[in-house]
Structures are given as C-alpha cells and as structure tokens.
Amino acid sequence: MVLSPADKSNVKAAFGKIGGHAEEYGAEALERMFATYPQTKTYFPHFDLGKGSAQVKGHGKKVAAALVEAANHIDDIAGALSKLSDLHAQKLRVDPVNFKLLGQCFLVVVACHNPSLLTPEVHASLDKFLCAVGTVLTAKYR
Amino acid sequence: MVQWTAEEKQLITGLWGRVSVEECGAEALARLLIVYPWTQRFFDNFGNLSSPTAILGNPKVRAHGKKVLTSFGEAIKNLDNLKGTYSKLSELHCDKLHVDPENFRLLGDILIIVLAAHFTKDFTPACQAAWQKLVGLVAHALARKYH
C-alpha cells in the first residue's frame, strides 16, 4: 500500500487544519481506545486511566507528536519514525493488531471535532497514512 | 450470550432515533467503496464506481446502502437476539453472495466514522464503545452461518 501524491497532500492539509489540536486529539483517541477496546488497557497497567488522567493526556501528546512528525516527513515515514520503530520492536512490543484500533479511534476523533475536514477522499488518505505508520512501527518486530 | 447494559441500549437506541437511514446508509456504503476500494469487487453490476464523486452519486450505491442500514435497524430492535435476526442473511452472504466476513467489520468501522461525523460531540466515548460493540456483534452474527 503506497501513499499517492494526492494522499500525501490530503494528509498534510488535514494535519495543517488540525494544527495545535493534535495533542488533544491524541489524548482523546487514547481515551476512546481504552473505552472501546478494553484489551488495549493491558499495555498501561502503570497508568491511571481514569477520566482526565494527566498520564493519558501526556501520552496522547506523544502519540500526536509522532503522527505530526510522520506527516511532516511523509516521503520517508520509516526514516522519521525509525527510533520509535526500534522502541516498539525491542521494548514495547505492542501487538500489531492494536495500531488499527488506535487508528480507528483517531479517525473518530477527527470526525467528531472536524466533520467537514473528513471528506471521503481525506478519510481514505488518512486511513492509509495511519496504516502506513502502524506498518513502520511494527516493521522491525521480526 | 450477549449482555447489554441498560446504558448501552439507551446509547444505541437513543442515537438510532436520530439517524437518517437513507443518508447514513448511502454514505457508509460509499465510503466503504472509496476507503477500501477492493470491496468494489462485490458490485460489478453497479455501474460507474470510477471515482469518489461517481461512487457518492451512484444511485445503486445509495439504494443498497439504505437497504443495508435498514437491516441494522432490525438488529437494534432485537439487540438480545442478533443471531436469530441475522441467521438467514448470514446464509445468504455465505452461500449466494460469497462475501468474506472481514467486509462486515470494515463496514462497521466505516459506519462508526459516519455516525461520529454526523453527531460530533454527542458521539461520546461511551457512545462509540456501545456502537463499536454493536457493529462487532452484527459482523459476528452475519458470519455465524458460514461454512
């Protein structure tokens, strides 16, 4: 699965419009993921996962920053996320299936806050982009 | 045995009352065909699916989307018996339509996004969780008679 020039342009524009809200979106995506897919909480036994948790907000900020970084270096997502890819392979070892779940929740957050942004074409491009990020983060698993 | 809390049922039926089945159904199916283009394989006789614009405007897509979401409405009336509700449709999708059940999961995820875009802040995390549970169970019920 390859990101076309149109996909890249859609993703960059989308993140441009999301702007400073990315951190908030990251936190909300995590909150939704924990509520919708409780099995994902198993990766965070050390976190307070209650409503408004500072740890979830902080982690959401990190997740969002990585997505923004990937969007800003969309021609070389593997390069941009290489260290994160190592981290996930060697230390975190989050099962690959979970990246799709977080991706779905991120799209839901964008849809809730910015429905006009999520045209079918942009939806397709963002979905592909989130898949590509998940693929990069799990690429060194074995 | 599926267990629904009273809250989950309320989140589902409450939202459903505000859904335009024709609009949401058409949009969900169109987005499925746009976002996951390989799903077009089941719709060779639908005419022009050559671009997102063509898909969104395609009358067969709209009609079929409405049909699919209308069937969802039946599920919502029978939350405690999804297996029974979908038994015949499950056989149909296996024996006649030959649809990989993964497609039901894809459509379910798309429907969630359509609802989110429509209801925005009313589509709370609890609402999403209830609906995501529903679409998962519908997908499971539709796959149940496969052999």
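Residue numbers begin at 1 in each chain, while the letters A, B, ... track the order of the sequences.
If you measure heavy-atom distances from T119(A) to chain B, the contacts under 4.5 Å come from the backbone alone. For L56(B), the part sitting under 4.5 Å from any heavy atom of chain A is the side chain, from C-beta outward, and nothing else. Neither the backbone nor the side chain of F34(A) comes within contact range of chain B; no heavy atom of the residue lies under 4.5 Å from a heavy atom of that chain.
The residue among A116(B), P52(B), A30(B) with the most heavy atom pairs within less than 4.5 Å of chain A is A116(B).
If you take CD on Q132(B) and SG on C105(A), they are separated by 6.5 Å, rounding to the nearest 0.5 Å. Distance NZ/K100(A) to CG/D109(B): 9.0 Å, rounded to 0.5 Å. Rounding to the nearest 0.5 Å gives a distance of 12.0 Å between CG of L107(A) and CD1 of I112(B). Residue E121(A) holds its CD atom at 6.0 Å from OG1 of T53(B), rounded to the nearest 0.5 Å. Between Q104(A) atom CD and Q128(B) atom CD the span is 6.5 Å, to the nearest 0.5 Å. Distance CG/D127(A) to OH/Y36(B): 3.5 Å, rounded to 0.5 Å.
Residue P115(A) is tested with T120(B), V114(B), I113(B) for a side-chain contact (heavy atoms from CB on, under 4.5 Å); the sole match is T120(B). Evaluated for a side-chain contact (heavy atoms from CB on, under 4.5 Å) with P120(A), the options I34(B), L32(B), V35(B), L33(B) yield exactly one hit, I34(B).
Within a 6.0 Å radius of NZ in K12(A), other residues, nucleotides and ligands contribute more than 12 heavy atoms. Taking a 6.0 Å sphere around NZ of K61(A), one finds it holds 12 or fewer heavy atoms contributed by other residues, nucleotides or ligands. Counting heavy atoms of neighbouring residues, nucleotides and ligands inside a 6.0 Å radius, atom CD of Q55(A) exceeds 12 of them. Summarising the local packing, NE2 of H140(B) is surrounded by 12 or fewer heavy atoms from other residues, nucleotides or ligands at distances under 6.0 Å. By the neighbour-count criterion of 12 heavy atoms within 6.0 Å, atom NZ of K140(A) is densely surrounded, having more than that number from other residues, nucleotides or ligands.
Checked by atom type and distance alone, the side chain of E31(A) never pairs as donor or acceptor with a backbone atom of P125(B) at under 3.5 Å.
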- Please lay out, stage by stage, how I110(B) and H123(A) fare under the test side chain to side chain contact (heavy atoms under 4.5 Å, CB included). CA-CA 10 Å; I110(B) 294 270; H123(A) 176 174; 3.8 Å; yes
